[in-house]
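Quick caveat: nothing in here was measured; it's all calculated off a predicted structure.
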Amino acid sequence: FAPPTRIGIATGTVHAGVIGDARRSAYSAYGHAVNLASRLEQANKDFGTVILVDARTRDLAGAATRTRLVGSVALKGIARPCEVFAVEDD
């Protein structure tokens, strides 16, 4: 039994690239949008959803994506509550 796939999407500036030296390195990304997307991914379990996006992502997607407001949610590690939207199936 495989657990369901959950996705969190946030739009913002991130820092991404190879971190480390010649002996040990890894590709990584960090920044507010990365942290928010991770928290949204985890929040899917609580809301019974598959894909959650932040308000900025929803606004940029426009009419191309149907969403419904889940609510203004306080996410762990995020200073202030943010509006969270579930992506609806077609």
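- The backbone N or O of D89 lies less than 3.5 Å from a partner atom in the side chain of R66, making a donor-acceptor pair.
- Summarising the geometry of A10 relative to L40, their closest heavy-atom pair is CB-CD1, 4.5 Å, with the distance given to 0.1 Å.
- Across all non-hydrogen atoms, the minimal contact from E41 to R6 is CG-O, 3.5 Å.
- Evaluation of the side-chain hydrogen bond (donor to acceptor under 3.5 Å, both in side chains) rule for T67 yields no partner, not counting sequence neighbours.
- Residues V18 and S25 come closest through the heavy atom pair CG1-CB, 3.7 Å.
- Residues N35 and S38 bring no donor and acceptor atom of their side chains to less than 3.5 Å of each other.
- Contact between G8 and N44 at its shortest, heavy atoms only, is N-ND2, 4.4 Å.
- Annotation for V50: hydrophobic cluster partners, listed by chain and number, are I7, I9, I51, V53, L69, F85, V87 (ILVMFWY side-chain heavy atoms under 4.5 Å, direct or chained).
- S28 places a side-chain heavy atom less than 4.5 Å from the side chain of I19.
- Under the rule for a ring pair (Phe, Tyr, Trp, His ring centres under 6.0 Å), the partners of Y30 that lie at least two apart in sequence or sit in another chain are H15.
- Clustering of Ile, Leu, Val, Met, Phe, Trp and Tyr side chains at separations under 4.5 Å places V34 together with V14.
- Considering only residues two or more places apart in sequence or on other chains, A86 meets the side-chain contact (heavy atoms from CB on, under 4.5 Å) condition with T49, L52, R68, V70, E88.
- Take R80 and apply the side-chain hydrogen bond (donor to acceptor under 3.5 Å, both in side chains) test, not counting sequence neighbours, and it matches no residue.
- For the residue pair S72 and P81, the shortest heavy atom distance occurs at OG-CB, 3.6 Å.
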